[in-house]
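Computed from heavy atoms alone, side chains included, the values below leave out hydrogens, waters and symmetry copies.
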Amino acid sequence: MKPRLSPVWFAIFAPAWIACALSLQAAEVRWTNLSSKQGDLPVPGESTEQTGNVVADLDRDGLTDFVLSFRAKAPALVWYRRTAKGWDRLVIEPQFLTVEAGGAVQDIDGDGDLDIVFGGDWQSDEVWWWENPYPKFDPAVPWKRHVIKRGGKRQHHDQVFGDFKGTDTPQLVFWNQGAKSLFIADIPADPRHSGPWPFVPVFSGEAGERGDQSGGFRYAEGTGAADIDGDGVTDLLAGNYWFKHLGGGKFQAIKVGVIGGRIAAGKFVESSKHPQIVIAPGDGSGPLRWYECTGDPLKEGDWVGHDLLDRDMIHGHSLDVGDVDGDGHLDIFAAEMAKWTEKRADADNPKAEAWVFYGDGKGHFRKTVVATGHGFHEGKLADLDGDGDLDILNKPYNWDAPRVDVWLNNGTGPRQGAGAGATVRKP
């Protein structure tokens, strides 16, 4: 005989169970895709090679803007400025520059607004910063460009700012792939008039590249920042290492993963003493994996990896961490490139996928697919419409370029930071 539930059980427990189920259903994120291909955003430009991507509030209005960089054709940098109805496109650097993937933001000149850094690609030996003209934004006047590095080896894929030396002043760290080195530079006292900045190596050598000529991994890449060992000092993440500052500008490199690429950190296990580190293959293929410290974070052998996928990730040039569904636990966003071969007409990876892995704060993740067959490159999590939740920004490298897309988290809700009662409709 099948057991029967009494009316009392239904009266007491069923309402709570139904409410819980409805709450979980309501919490599931639904994505609204807006694209320049559909006229939802201005077209980035004419370049078919879209490289870098940074998100920041450049005009200090409380809303997140983003900047895209290009090579192949001018302009080199454009700014998408958030408005009540969508985005305006403004040119920051109208000249032709061969800008590499990466980019970083920091108040370099100490005037209270965020300035921008990008580096040159394999054709360039330079790294630059652009001076934010806030509050005078004239669409006809480009931002003033300054030189951080000139000369030496070429290619500068990825930069990051952080107070890695514990001096209460942030430093700039950048890869120089031609030199097979990671460099650190202090911001000069008068950066507007200093000329090139002095810099010294943090690390030289391989950092997770495989030398796979067919699929990439030709060079080390990826940067991030987090306090890994809990000493109150921001640590540097790069390639497949984290770097402990030993004093006097010297760093100890601790290997975390088997490959390098995109790298980020966060408390995916909230009860753990140390943050966990997640690594995705950038310009190549390999495991998408998060690593936890089971003992001493300074010991390579105490970092244990856990796969997020049951296959290799293919050119996973997008990785970010944030609470996407608003449940208080960190999630992981990762996505693949669909095309990276410039001379090829069709996609290298036509079944490319983008995912959000929803975390429960205990080291468990639920995989969801955001998009299939869409080429992601340098994708980022950010509140792009000002409604208080995390959206996804993507500009492909050369898949269907020129193009830019945003994926709105449950559409656009009540706007945050825009005045009481203000709302933004879908652009």
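- With contacts defined as side-chain heavy-atom distances shorter than 4.5 Å, the pair Leu172/Ile187 does not qualify.
- Between the side chains of Trp303 and Glu292, no donor N or O sits under 3.5 Å from an acceptor N or O.
- Neither side chain, Thr234 nor Asp227, offers a donor N or O lying under 3.5 Å from an acceptor on the other.
- Remark: Glu131 engages Arg192 in a salt bridge, criterion side-chain N to carboxylate O under 4.0 Å.
- Using a 3.5 Å distance cut-off with no hydrogens or angles, the side chains of Asp121 and Thr98 do pair a donor with an acceptor.
- Within the 4.5 Å cutoff, the side chain of Lys165 has heavy atoms near those of the Gln171 side chain.
- Annotation: the span from Asn132 atom CG to Ile108 atom CD1 amounts to 10.5 Å, rounded to 0.5 Å.
- For Leu68 against Asn53, the heavy-atom pair with the smallest separation is CD2-OD1, 3.8 Å.
- Lys180 NZ: 12 or fewer foreign heavy atoms inside a 6.0 Å radius.
- No salt bridge links Lys367 with Asp310; every basic N to acidic carboxylate O contact stays at or beyond 4.0 Å.
- Between Ile116 and Trp128 there is no side-chain heavy-atom pair separated by less than 4.5 Å.
- Lys144 places no side-chain N or O within donor-acceptor distance of the main-chain N or O of His146, the cut-off being under 3.5 Å.
- Ring-plane geometry between His374 and Trp399 is classed as tilted, the angle between the planes lying from 30 to 60 degrees on a 0 to 90 degree scale.
- Closest approach of Ile228 to Ala265, counting heavy atoms only: CD1-CB, 4.1 Å.
- Taking the six-membered ring for Trp and thresholds of 30 and 60 degrees, Trp143 and Trp79 have ring planes more than 60 degrees apart, a perpendicular arrangement.
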Go through Phe199 and Phe174 one step at a time and tell me if the ring pair (Phe, Tyr, Trp, His ring centres under 6.0 Å) criterion holds. CA-CA 10 Å; Phe199 55 87; Phe174 61 91; 5.4 Å; yes
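- With a 4.5 Å cut-off on side-chain heavy atoms, Pro396 and Phe376 do not count as touching.
- Figure legend: cation-pi geometry between Arg82 and Trp87, with NZ or CZ positioned under 6.0 Å from the six-membered ring centre and within 45° of its axis.
- The line from CG of Asp302 to CD1 of Ile254 is 11.5 Å long, rounded to the nearest 0.5 Å.
- Summarising the geometry of Val55 relative to Val105, their closest heavy-atom pair is O-CG2, 4.5 Å, with the distance given to 0.1 Å.
- Side-chain atoms of Ser35 and Asp405 form a donor-acceptor pair, as typed in the model, at a separation below 3.5 Å.
- Around CH2 of Trp122, the count of heavy atoms belonging to other residues, nucleotides or ligands within 6.0 Å does not exceed 12.
- With respect to Arg262, the side chain to side chain donor-acceptor pair (under 3.5 Å) criterion is satisfied by exactly one of Asp283, Asp158, Asp320, Thr223: Asp158.
- Among Lys73, Lys395, Arg71, the single residue meeting the salt bridge (charged side-chain N to carboxylate O under 4.0 Å, His left out) criterion with Glu49 is Arg71.
- Closest non-hydrogen pair, His274 versus Gln276, comes out as O-NE2, 2.9 Å.
- In this pair, Phe203 and Trp175 present their aromatic rings perpendicular. The plane angle is above 60°, beyond the 30 to 60° band.
- The backbone N or O of Ser181 sits nowhere less than 3.5 Å from a side-chain atom of Ser204 that would complete a donor-acceptor pair.
- Two residues are said to be in side-chain contact when any heavy atoms from C-beta on lie closer than 4.5 Å; Asp331 and Asp323 meet this criterion.
- Atom CD of Glu46 is surrounded by 12 or fewer heavy atoms from other residues, nucleotides or ligands within 6.0 Å.
- If you run salt bridge (charged side-chain N to carboxylate O under 4.0 Å, His left out) between Lys244 and each of Asp235, Asp231, Asp296, only Asp231 comes through.
- Between the Asp65 side chain and the Leu58 main chain, a donor and an acceptor come within less than 3.5 Å of each other.
- Using a 4.0 Å cut-off between a side-chain N of Lys or Arg and a carboxylate O of Asp or Glu, Arg289 and Asp307 qualify as a salt bridge.
- In this structure the side chain of Arg60 reaches within 4.5 angstrom of the side chain of Asp113, judged on heavy atoms.
- A search for ring pair (Phe, Tyr, Trp, His ring centres under 6.0 Å) contacts involving His317 returns His157, His377, not counting sequence neighbours.
- Side-chain contact check for Trp355 and Glu353: at least one donor-acceptor pair (N or O, by modelled atom type) lies under 3.5 Å.
- There is no side-chain donor-acceptor pair under 3.5 Å between Asn176 and Gln155.
- Here the shortest heavy-atom pairing between Gly359 and Asp327 reads O-OD2, 3.7 Å.
- Atom NZ of Lys37 has more than 12 neighbouring heavy atoms from other residues, nucleotides or ligands inside a 6.0 Å radius.
- His364 is linked by a ring pair (Phe, Tyr, Trp, His ring centres under 6.0 Å) to nothing, counting only residues two or more places apart in sequence or in another chain.
- Residues Phe137 and Asp59 have side chains in contact (heavy-atom distance under 4.5 Å, counting atoms from C-beta outward).
- Between Leu41 and Leu34 there is a side-chain heavy-atom pair separated by less than 4.5 Å.
- For the ring pair (Phe, Tyr, Trp, His ring centres under 6.0 Å) criterion with His306, the lone passing option out of Trp290, Phe365, Tyr291, Phe268 is Trp290.
- A salt bridge links Arg145 with Glu93: at least one charged nitrogen is closer than 4.0 Å to a carboxylate oxygen.
- Under the 4.0 Å criterion applied to side-chain N and carboxylate O atoms, Arg366 and Glu28 are assigned as salt-bridge partners.
- No side-chain N or O of Glu378 forms a donor-acceptor pair with one of Tyr397 less than 3.5 Å apart.
- For Phe251 and Phe164, the ring centers are positioned 6.0 Å apart or more.
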